[in-house]
Amino acid sequence: DQQVKQNSPSLSVQEGRISILNCDYTNSMFDYFLWYKKYPAEGPTFLISISSIKDKNEDGRFTVFLNKSAKHLSLHIVPSQPGDSAVYFCAASARTGTASKLTFGTGTRLQVTL
Amino acid sequence: EADIYQTPRYLVIGTGKKITLECSQTMGHDKMYWYQQDPGMELHLIHYSYGVNSTEKGDLSSESTVSRIRTEHFPLTLESARPSHTSQYLCASSEAGFRTTDTQYFGPGTRLTVL
């Protein structure tokens with residue numbers, strides 16, 4: 001049973017426009033969420049995170065929104081740039097003592113076109 | 001951000017060979033992790049460590065083994081590689097502590113192909 005779901009395997013956005021990547025989760029114990037970006041043949045790069053005590057976190061062009069009641073989070077990229085073309089993974093962790101295991105979604109491939 | 005290194009980046013070997021995938025980090029992070037990822041799929045945790053001489057199996061069963069003799073080093077070993085082990089292996093680390101230290105930083109990965 002997949003606890004973190006990214007239902008859109010791919011997304012195409014024009015340069016300069018907003019990219020919105022979505023993520024849903026089922027485990028109500030998750031309280032910390034992260035977004036990673038991954039280029040082919042490279043490891044994931046941390047982008048931005050949000051704690052469940054917040055509903056929004058912003059870092060430059062990247063903003064993450066969290067809707068706890070809907071168990072949904074989204075990543076907004078504004079404005080989108082060609083270099084943003086990559087696979088984006090949503091991840092979540094639950095408070096279990098000192099554990100910090102992450103559960104990942106299957107990723108969304110973003111293509112930013114000129 | 002962590003500096004974390006993996007070698008080799010690519011490895012093609014025959015069935016039955018013993019291999020070790022290396023992972024080192026220079027940030028002094030206590031926690032280290034190994035993930036396995038197939039194309040188009042999510043990352044699956046196969047091993048993790050909370051410090052020297054601490055190793056645990058992850059959520060996905062794996063025939064590989066790990067060791068943590070030094071803080072900075074977390075190698076993964078396959079005693080007898082099989083084609084089913086073909087995958088990308090990603091190493092990550094994070095600081096000890098709680099909550100904001102859940103952020104894991106990844107190495108570049110090793111793409112393993114077993115013929």
Side-chain angles (χ1 to χ4, degrees), chain A residues 1-10 23-27 29-54 57 59 62 64 86-110, chain B residues 1-11 21 23 25 27 29-51 54 56-60 88-113:
Chain A
D1 179 34
Q2 207 168 358
Q3 298 185 64
V4 177
K5 300 177 184 178
Q6 294 177 256
N7 293 318
S8 298
S10 64
C23 178
D24 297 294
Y25 61 96
T26 57
N27 188 343
M29 298 300 292
F30 287 147
D31 62 351
Y32 191 67
F33 304 89
L34 307 91
W35 283 95
Y36 286 86
K37 172 182 178 181
K38 187 178 186 296
Y39 293 117
E42 293 186 15
T45 301
F46 169 70
L47 274 177
I48 192 168
S49 62
I50 187 167
S51 166
S52 60
I53 61 173
K54 295 184 176 181
N57 188 27
D59 184 1
F62 302 94
V64 56
V87 177
Y88 289 78
F89 288 94
C90 169
S93 73
R95 186 188 305 262
T96 53
T98 59
S100 58
K101 293 192 287 182
L102 296 180
T103 302
F104 284 84
T106 54
T108 296
R109 182 177 302 276
L110 172 66
Chain B
E1 186 172 331
D3 290 324
I4 184 164
Y5 310 97
Q6 290 185 247
T7 57
R9 292 292 310 278
Y10 302 90
L11 180 60
L21 308 184
C23 176
Q25 49 95 5
M27 298 304 290
H29 287 172
D30 282 321
K31 298 179 181 179
M32 297 189 74
Y33 313 81
W34 275 103
Y35 290 86
Q36 186 174 339
Q37 188 202 13
D38 294 320
M41 303 295 289
E42 64 266 48
L43 281 71
H44 289 288
L45 181 68
I46 52 175
H47 297 284
Y48 60 100
S49 166
Y50 289 155
S54 151
E56 302 285 345
K57 289 194 177 294
D59 303 321
L60 180 69
Q88 185 178 36
Y89 292 83
L90 294 159
C91 181
S93 72
S94 64
E95 296 179 55
F98 195 64
R99 292 301 68 189
T100 59
T101 58
D102 284 352
T103 301
Q104 296 179 18
Y105 299 95
F106 285 82
T110 294
R111 169 73 63 186
L112 173 64
T113 302

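Naming: A, B, ... by sequence-line order, numbering from 1 per chain.
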Tell me, for B:Q37 versus chain A, whether the close heavy atoms (under 4.5 Å) come from the side chain, the backbone, both or neither.
side chain
Rounded at 0.5 Å granularity, tell me how far NZ in A:K38 sits from CG in B:L90.
6.0 Å
Whatever's closer than 4.5 Å to a heavy atom in chain A on B:L43 counts as both
Side chain from CB out, backbone as N, CA, C, O: work out which of these in A:Y36 comes under 4.5 Å of a heavy atom of chain B, or both, or neither.
side chain
Could you give the distance from CD (A:E42) to CZ (B:R9), rounded to the nearest 0.5 Å?
6.5 Å
Could you please spell out the steps behind the side-chain contact (heavy atoms from CB on, under 4.5 Å) verdict for A:L102 and B:Q104?
CA-CA 9 Å; A:L102 296 180; B:Q104 296 179 18; 3.5 Å; yes
Between A:A41, A:S51, A:P9, A:P40, the one whose heavy-atom pairs under 4.5 Å with chain B are most numerous
A:A41
Given the rule in the side-chain contact (heavy atoms from CB on, under 4.5 Å) test, do A:Y32 and B:T103 qualify, once you have shown the distances and angles that lead to the verdict?
CA-CA 9 Å; A:Y32 191 67; B:T103 301; 3.4 Å; yes
Please look at A:Q2 and chain B and tell me whether the side chain, the backbone, both or neither of the residue comes under 4.5 angstrom of a heavy atom of that chain.
side chain
